[in-house]
2 protein chains.
Amino acid sequence: MQDTTTSLWETSVGSDPAFLLARANALSLADAAAALASHGLKVRSYSVLALACGDLRPTQRELSEFLRLDPSQVVSLLDDLERRGWVSREPDPRDRRVNVVVATAAGRTACARAREAVEAAQRAHFAVFDDEEFDTFTALLRRLAIGP
Amino acid sequence: MQDTTTSLWETSVGSDPAFLLARANALSLADAAAALASHGLKVRSYSVLALACGDLRPTQRELSEFLRLDPSQVVSLLDDLERRGWVSREPDPRDRRVNVVVATAAGRTACARAREAVEAAQRAHFAVFDDEEFDTFTALLRRLAIGP
DNA sequence: TATTGTTATACTCTATAACTATA
DNA sequence: TATAGTTATAGAGTATAACAATA
């Protein structure tokens with residue numbers, strides 16, 4: 001039985017780059033989720049928090065576009081982060097429809113701790129590569145990710 | 001506004017390999033889904049059908065393990081494919097608990113057509129790479145995808 | 001009239017446990 | 001007792017449309 005499962009890797013599906021991409025992402029996502037769980041974060045909420053910790057002061061709309069989430073999903077992620085005091089919505093004086101999202105001091109602390117955990121998980125995940133391979137892979141991946 | 005969204009790529013999130021992997025996968029998945037839609041298939045059902053078209057005669061359990069789907073998900077995918085006459089569950093004479101999944105003639109035809117569409121979409125998606133870059137990327141990705 | 005954020009809703013996906021029939 | 005497949009169900013994730021406030 002194990003033989004057959006293993007040999008499925010030799011099929012057209014097993015060498016399909018899209019399939020490999022999906023699998024690699026699933027493994028990476030599972031690692032990240034596990035690393036974040038003890039910090040009370042999921043991958044999505046961590047992404048939002050991390051962007052709120054930068055000094056770019058993104059609007060909800062910008063978070064939505066960059067993370068490819070529906071605006072309504074950003075709302076509920078922010079509701080959650082704001083309830084915990086990690087993020088605040090600040091009105092933009094130049095356009096009163098707009099909220100700018102910024103992390104609080106507590107949010108920055110939480111994010112820094114979470115980031116350590118995620119990065120450790122990632123180092124383990126990418127340990128199959130040496131430094132040069134890692135750089136090559138990331139550079140190519142970046143071009144693919146930025147897309148059209 | 002566009003400026004800020006674009007410059008989010010310069011943040012730590014924007015250069016995070018896990019984030020790039022997720023994004024590249026999302027783009028690839030969307031392309032594949034669009035290509036398969038007119039063939040009445042989704043990415044999941046196509047994967048199952050494609051594996052059923054090989055000559056390995058996988059069991060449901062093997063499909064479940066290889067595709068990292070819960071056995072119950074495989075059941076409903078097969079129900080759907082079987083209803084359309086593209087796949088059949090054959091009892092394994094050596095163990096009557098086991099079903100072996102094989103594509104019908106109609107299933108092979110459908111799969112071949114769908115495969116053309118997916119592969120065309122993928123060629124477009126990976127057109128950011130030249131041949132050498134594609135091979136390098138795929139080889140590295142494969143090691144990452146097979147994992148531990 | 002168009003856009004930002006919000007609410008509500010439904011649909012897909014995923015995870016879990018319990019059941020059956022075989023081993 | 002353990003395993004393959006099945007059923008049922010609940011939770012998470014995703015997509016959509018309608019709405020109020022503002023531009």
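Chain letters run A, B, ... following the sequence lines, proteins first and then strands; every chain starts at 1. Just so it is clear, the model here is predicted, and its values are computed rather than measured.
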Value in whole Å for how far the P atom of D:dG5 lies from CD of B:E82:
13 Å
Rounding to an integer number of Å, can you tell me how far A:D80 CG sits from D:dG13 C1'?
15 Å
In whole angstrom, what separates B:L29's CG from C:dT12's C1'?
13 Å
Geometric class of the B:F126/B:F137 ring pair [parallel <30°, tilted 30-60°, perpendicular >60°]:
tilted
Protein-nucleotide distance (A:Q60, atom CD; D:dT22, atom P), rounded to Å
15 Å
Counting distance only, does the side-chain N/O of A:S28 pair as donor-acceptor with the main-chain N or O of A:A24 below 3.5 Å?
no
May I ask you to verify if any side-chain N or O of A:R44 is less than 4.0 angstrom from the OP1 or OP2 atom of D:dT14?
yes
When you measure from the side-chain N and O atoms of A:R89 to the phosphate of C:dT6, is any distance below 4.0 Å, counting only OP1 and OP2?
yes
Assign B:D70 to base, sugar-phosphate, or nothing according to its heavy-atom contacts below 4.0 angstrom with the strands shown.
base
Contacts of A:K42 and A:P93 projected onto DNA chain D by closest heavy atom; the upstream (5') one is A:K42
Would you indicate what B:R61 reaches in the nucleic acid, counting non-hydrogen atoms under 4.0 angstrom: base, sugar-phosphate, or nothing?
base
Is the closest side-chain donor-acceptor distance between B:T5 and A:R61 under 3.5 Å?
no
Measure distances between side-chain N and O atoms of A:R97 and base N and O atoms of C:dT3, and say whether any donor-acceptor pair falls under 3.5 Å.
yes
In whole angstroms, the gap separating C1' of C:dT4 from CG of A:L69 amounts to 16 Å
Specify the separation, in whole Å, of atom CG of A:L63 and atom P of C:dT3.
19 Å
Taking only side-chain nitrogens and oxygens of A:R96, does any of them come within less than 4.0 Å of OP1 or OP2 of C:dT4?
no
Would you say D:dA12 has OP1 or OP2 under 4.0 Å from some side-chain N or O of A:Q73?
no
Looking at C:dG5, D:dA8, D:dT22, which one has an atom nearest to any side-chain atom of B:S72?
D:dA8
Can you tell me how far P of C:dA21 sits from CG of B:D92, to the nearest Å?
19 Å
In whole angstroms, the gap separating P of C:dA15 from CZ of B:R68 amounts to 11 Å
Are any of the side-chain nitrogens in A:R84 or A:D80 under 4.0 Å away from the carboxylate oxygens of its partner?
yes
Cation-pi check, B:R115 to B:Y46: give yes when NZ or CZ is under 6.0 Å from the six-membered ring centre and within 45° of the ring axis, no otherwise.
no
